[in-house]
Amino acid sequence: MTIVSAPKLEKLRARARQHINLPYLLYGLIGLFGFAACAPEAEETDGNPPARPNIVFIMTDDHGYQAMSAYDDRYIQTPNLDRIAEEGVLFTNSFVTNSICAPSRAVLLTGKHSHLNGQIDNRVRFDSSQATFPKYLQAAGYQTALVGKWHLRSEPTGFDHYERLIGQGNYYNSDFIENGERKQSAGYVTDVITDKSINWLDKRDPNKPFCLLVHHKATHRIWMPDTALLNDFAGVEFPVPDNYFDAYEGREAATYHEMGVFKDMDIVYDLKMLDKEGEFKTRYRAAYERMYGRMNDEQRAAWDAFYDPVIKDFMAAKLEGKDLALWKYQRYMQDYLKCVRSVDNNVGRLLDYLDDNGLAENTLVVYTSDQGFYLGEHGWFDKRYMYEESLRTPLAMRFPQSLNISGKSPALVQNIDYAPTFMDLAGLDVPEDMQGKSLIPLLQGDSTEWRQAIYYHYYEYPNEHGVKKHYGVRTDRYKLIHFYGDIDTWELYDLREDPHEMNNLYGEPAYESVVTDLKLRIDDLQETYAVDLM
Ligand code: SGN
Ligand code: CA
């Protein structure tokens, strides 16, 4: 890891303080957001202060790290996503606090765990009156914008401009709410979100710093690819995870899942086998027909040209048992990875825009997902569980050039750290009630105070995928999980010996002291984060 000199960072902060504007001062003074520590300090200026860094935060939906080649190149090459990591930092131990969409978004905005920001699941409405980093940045003179998925039920606040999807949005010709007004778009959603982001960048005031949140719909279920990419991966056979046929021995909570690729995926809805004869009368056929029905004639013609022969072959093959299970896996991966490819191409477009407009040097670019995802591990799709594939989320950050930060960081980082990092980068003090920490001092080489364990807590139960409520702790080596509610089971994994979490060691005498230590850590973390068991 390249070390940045402390004076350099101080200079950056000093620059930022010179730009603090009046509303920010007022917020600080009247303690509107419950923090006084953020009041700006007076700084001496020597002529024109250099520009404060910009922020472009790109977040996809359900992008598992296994499908980003900087982490894992078995399935797909993602040169544009990897470029962010190569020119910046790849976080090799990046986790979420609650592996589901709306909670993850609320954590991002507030820098607080779910029980404190109130967004414990996808069902509740986000209290948009609370303090968020876009509000702090906006008050400090940043131009702020959000484009894409929002999913928090209340309208976005803290943005000068927003164009949000409605709920999950649609892959084709999606509707958006643009600053309160409903408008339909034309085209493939990943392209549209990128176009809208670039349009906003083009129209912004070039004399002020900006913070742009680009929230893609991809790669969320039902993984509808861009018609332009339908023929990618032709003939490719993807390696099947070793535990695809997992029997969940010793892991009772996992047996209740309803997220099996071969057990639960809908042939028509998830796997696109919309036979014209109507033979497949599946549960979600009508829902698929609605999504398919959004396409215009040209899009539908391209779609059918690809899928009709696949449907024909599938019907002729009359697969059963293991063959059918393996066919489903390949079919799933084909669509999922095409959605990833479109994200990669579009992130490339955005990076090019920054290059071409002289913005690359002074802009923090972040790539992440709202959580990870299963690509057939344990036989699954979806997320929610505290197992590695959905606890982890991809994270790469390319810092402003003046900071000279690059490399790989193995520190245990979490999405609570994003808001504090952006505050720090903008030269603002991190509010005391944010629970994450700025990553900048860590990347400067100061790892002395960094956390040695992360806390996780998932609340949404009952839910459509059958995952029970649970909380747990993960260190660099061990993971302890407690499933609770209408179940009371514990799971312990030694991630060094058992990276795929197949062997629950809880209750084994040899691990008694490990369990005792991890339980103490849970108590400690619950106290530190003021967790209320729900
Ligand atoms: C939808 C999906 C689920 C998914 C949730 C949450 N079903 O309900 O599979 O777990 O979203 O996803 S779907 O039939 O509508 O696709 S999240 O990323 O928004 O949290
Ligand atoms: Ca998600």
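Both ligands and their constituent atoms are indexed starting at 1 by order of listing. The structure presented is a predicted model; accordingly, all values stated were derived computationally and were not measured.
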Lys/Arg N to Asp/Glu carboxylate O, D344 vs R341, below 4.0 Å: no
Heavy-atom nearest neighbour in the protein, as seen from atom 8 (O) of ligand 1, with distance rounded to 0.1 Å: E464 OE2, 2.4 Å
Which of the ligand 1 atoms, numbered from 1, are nearer than 4.0 Å to a heavy atom of H151: 19 (O)
M259, portion touching ligand 1 at heavy-atom distance under 4.0 Å: neither
Distance from atom 14 (O) of ligand 1 to nearest protein heavy atom, with residue and atom: Y269 OH, 2.4 Å
N, O or S atom of S104 closer to the Ca ion (ligand 2) than 3.0 Å: no
Enumerated ligand 1 atoms positioned under 4.0 Å from heavy atoms of N122: 6 (C), 17 (S), 19 (O), 20 (O)
Vertex the Ca ion (ligand 2), arms to D61 OD1 and D370 OD2, rounded to 10°: 80°
Ring geometry between Y455 and H457 (parallel below 30°, tilted from 30 to 60°, perpendicular above 60°): perpendicular
Parallel, tilted or perpendicular: rings of Y456 and H470 (30°, 60°): tilted
Heavy atom of the protein closest to atom 11 (O) of ligand 1 (residue, atom name, distance): Q168 NE2, 3.2 Å
Of the listed options E258, R221, R105, K383, closest to atom 18 (O) of ligand 1 (non-hydrogen atoms): K383
Salt-bridge contact D175-R182 (side-chain N to carboxylate O under 4.0 Å): yes
Location of contacts on N463 toward ligand 1, heavy atoms closer than 4.0 Å: neither
Proximity of E460 to ligand 1 by residue part, where a heavy atom lies under 4.0 Å: neither
For atom 9 (O) of ligand 1, the protein heavy atom that lies nearest, with its residue and separation: H465 NE2, 2.7 Å
Parallel, tilted or perpendicular: ring planes of W303 versus Y307, cut at 30 and 60 degrees: tilted
Check: F381 ring centre within less than 6.0 Å of H465 ring centre: yes
Contact with ligand 1 for Y284, non-hydrogen, under 4.0 angstrom: no
Minimum non-hydrogen distance to atom 17 (S) of ligand 1, winning option of A102, S369, S104, C101: C101
contact_flag I222 ligand 1 heavy-atom lt 4.0 Å: no
Lys/Arg N to Asp/Glu carboxylate O, E388 vs K479, below 4.0 Å: yes
Distance filter under 4.0 Å to R384 heavy atoms, resulting ligand 1 atoms: 4 (C), 5 (C), 6 (C), 10 (O)
D308 and K276 ion-paired at < 4.0 Å: yes
Per-atom contacts, ligand 1 versus D62 - under 4.0 Å to a heavy atom: 18 (O)
Any donor-acceptor N/O pair, S94 side chain to Q414 backbone, under 3.5 Å: no
N-O pairing of D195 and R349 below 4.0 Å: yes
